[in-house]
Amino acid sequence: MVKKPLVCSHNLPLIPILFARPIASEAPPGAVPSQGTEAWYADYDLSLRPEDAGAGPLSWRLSAWQFQEDLIDFYNNNGRPPLNPAYFVVATLPEALQMQILQECPGLMVASSILIAQARQSAGDCPQAAAVFRQMLRWAYLLSSRDAAFLAPFDSLVLEEEQIKQLVTQASAMLPGWSIEVAMQRFLQAHTSCRNTKLPSHRCEDAKLDIVVAVCNEDLSWLESFAPARFWVYAKCGLQGHKFLPCANYEELPNLAMESLAYATHMERHYETLADFTLFVQGSPFEHASQRLVEDTVSAVQEGLYDVPFLHMNSRRFLSGSSFCLRDLYTRLMESPAQVPEAFGSYCCSQFMVRRDRIQARPRALYHRIRSILLGEVPLACAQDVKYDPRPRIAVSALFEHLWHVVLGESPVLPTRRSDQRLPLFARVDVIEGALPDVLLSQM
């Protein structure tokens, strides 16, 4: 639960304002809002322990009917895929419990496996996709025999295409209502792209991906696993101690406006020479984003499997809403737009992948104006409450957490990832409500 206290008085030329970051731990210890501020909520999470109300501990619970309904809606209508419970079944449960489910509710086990195989496939992780798919075929083989002793010969089999089709047909007939045949057909059709994947070029100038990092003394060793890519490191606290990376460019910036200044600087200065996609991240990106989601997106770009114009990487979701200060910034940024959106909604903390055409759809002058605003060269109606958080220009950078997606061509209220039908399957996952451990939080 995070408050953003602020003062809004339309009669003042400069309005004292505080923008606390969406993660409470980021505010300075002991910080107290200045007197007279008004609170609004960027997001609101209420976590309860049943024990505190005198009840027993809450058990993990997975309802197979709900999973089945969501699964059918996904395959028939491109609805929200039940990825979180599928990962739970396939990757979290011990084998003994998986075998119990296979006997009691085999559709849940088989359908979860196919969905996860498709998700890994969509990220370009073909070896893992194939491994999960073979495990699914193993379970289908066991279902047809109903005898665990038959697993030994299966594990030594090299399956031909006809044998796979036969197992698919048998599993589909045994498990009506689980969309098994449709799911398997989609997997097998898409699997040809895995066989045809070419090794990417390692020449810097041929990179499909730019990775822009706003850093202030963080360890950047995690970047090494993201090659081949061009790296653009914007150092806010000096360049000393940064390890040299191939295809890397280093530049110093003043320690103002958090990551937003680095992003706007890059968009303005490299407007004409952008790669196909650019990933904008902070120096410690996995504090806010699932490592799996970031790595999968990078892999899909490099494998040529990805063509989404904008994807926000972070886990924590803002409430949709607005404020006087946000509307003022939007108006100045867009230079007196005909209409200001009623509400803005996105994820916190500004880390995203964006396609080149989305950046270039706006004039270069807009990114220059953003940079000027972040540097304090353009007056705004709201000023930072430095008594609460003295970090220079953090307030206006926090406002841009609600605006970057709009600048880059998305609707004011960005769709949640799980509901966004444009996204590849691996990316359609969110931190969600429910009684299961969350796959995104477990990767952070």
Side-chain angles (χ1 to χ4, degrees), residues 1-8 14-43 212-220 233-242 251-267 280-289 313-314 316 318 323-326 328-329 332-333 346-352 369-404 407:
M1 181 170 60
V2 182
K3 288 185 176 180
K4 288 194 173 183
L6 55 94
V7 166
C8 289
L14 287 178
I15 301 171
I17 178 170
L18 163 71
F19 297 101
R21 299 280 291 187
I23 305 297
S25 62
E26 291 190 359
V32 178
S34 296
Q35 186 175 4
T37 58
E38 174 182 293
W40 64 287
Y41 291 90
D43 62 353
V212 172
V213 187
V215 61
C216 180
N217 298 326
E218 293 94 343
D219 179 7
L220 297 183
V233 178
Y234 291 91
K236 310 291 286 296
C237 305
L239 290 170
Q240 297 81 7
H242 287 301
E251 186 172 339
E252 289 192 75
L253 289 177
N255 192 13
L256 303 172
M258 307 301 284
E259 70 282 342
S260 295
L261 181 60
Y263 296 179
T265 298
H266 186 82
M267 292 178 194
F280 292 91
V281 290
Q282 301 169 22
S284 296
F286 310 126
E287 291 181 3
H288 300 296
M313 293 291 169
N314 289 349
R316 197 158 189 169
F318 281 140
S323 70
F324 169 75
C325 299
L326 187 56
D328 170 70
L329 175 58
R332 294 168 191 266
L333 190 63
S346 185
Y347 296 85
C348 89
C349 312
S350 298
Q351 298 190 120
F352 44 82
R369 187 156 65 250
I370 293 173
R371 193 168 185 273
S372 297
I373 290 171
L374 292 167
L375 289 170
E377 298 168 355
V378 175
L380 300 175
C382 298
Q384 182 170 324
D385 181 356
V386 295
K387 291 183 180 180
Y388 182 86
D389 193 335
R391 289 174 289 180
R393 307 295 295 168
I394 186 176
V396 68
S397 179
L399 276 181
F400 272 95
E401 294 179 14
H402 303 265
L403 287 178
W404 275 120
V407 169

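What you see is a predicted model, and the numbers here were worked out from it, not measured in a lab.
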Ile370 and side chain to side chain contact (heavy atoms under 4.5 Å, CB included): which single residue from Leu333, Val396, Val378 fits?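 So the option named by the test is Leu333.
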Going by side-chain hydrogen bond (donor to acceptor under 3.5 Å, both in side chains), name the residues that satisfy it together with [X], two or more places apart in sequence or in a different chain.
X      : answer
Ser346 : none
Asp219 : Ser221
Arg393 : none
Ser372 : Glu377

Contact check, side chains of [X] and [Y], non-hydrogen atoms, under 4.5 Å:
X      : Y      : answer
Phe318 : His402 : yes
Pro254 : Leu375 : yes
Val213 : Tyr234 : no
Val281 : Val212 : no
Gln351 : Gln282 : yes

Spacing of [atom1] belonging to [X] relative to [atom2] belonging to [Y], to within rounding of 0.5 Å:
X      : Y      : atom1 : atom2 : answer
Cys325 : Leu399 : SG    : CG    : 6.5 Å
Arg332 : Ile373 : CZ    : CD1   : 8.5 Å
Ile394 : Met258 : CD1   : CE    : 4.5 Å

For Phe280, enumerate each residue passing the ring-ring contact (aromatic ring centres under 6.0 Å, His included) test, keeping only those at least two apart in sequence or located in another chain.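 Here the qualifying residues are Tyr263, Phe352.
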Ser260: what forms a side-chain contact (heavy atoms from CB on, under 4.5 Å) with it, not counting sequence neighbours?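 Applying side-chain contact (heavy atoms from CB on, under 4.5 Å) to Ser260 gives Leu374, Ser397, Phe400, Trp404.
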Quick one: does [X]'s side chain have a donor or acceptor within less than 3.5 Å of a partner on [Y]'s backbone?
X      : Y      : result
Lys236 : Leu256 : yes
Asn314 : Cys348 : yes
Ser323 : Leu326 : yes
Asp328 : Ala381 : yes

Cys216 to Asn255 - nearest heavy-atom pair and separation: SG-ND2, 4.4 Å
Which pair of non-hydrogen atoms, one from Ser350 and one from Glu401, has the smallest distance, and what is that distance? OG-CG, 3.3 Å
Please identify each residue that fulfils salt bridge (charged side-chain N to carboxylate O under 4.0 Å, His left out) with Arg369, with sequence neighbours left out. Glu335
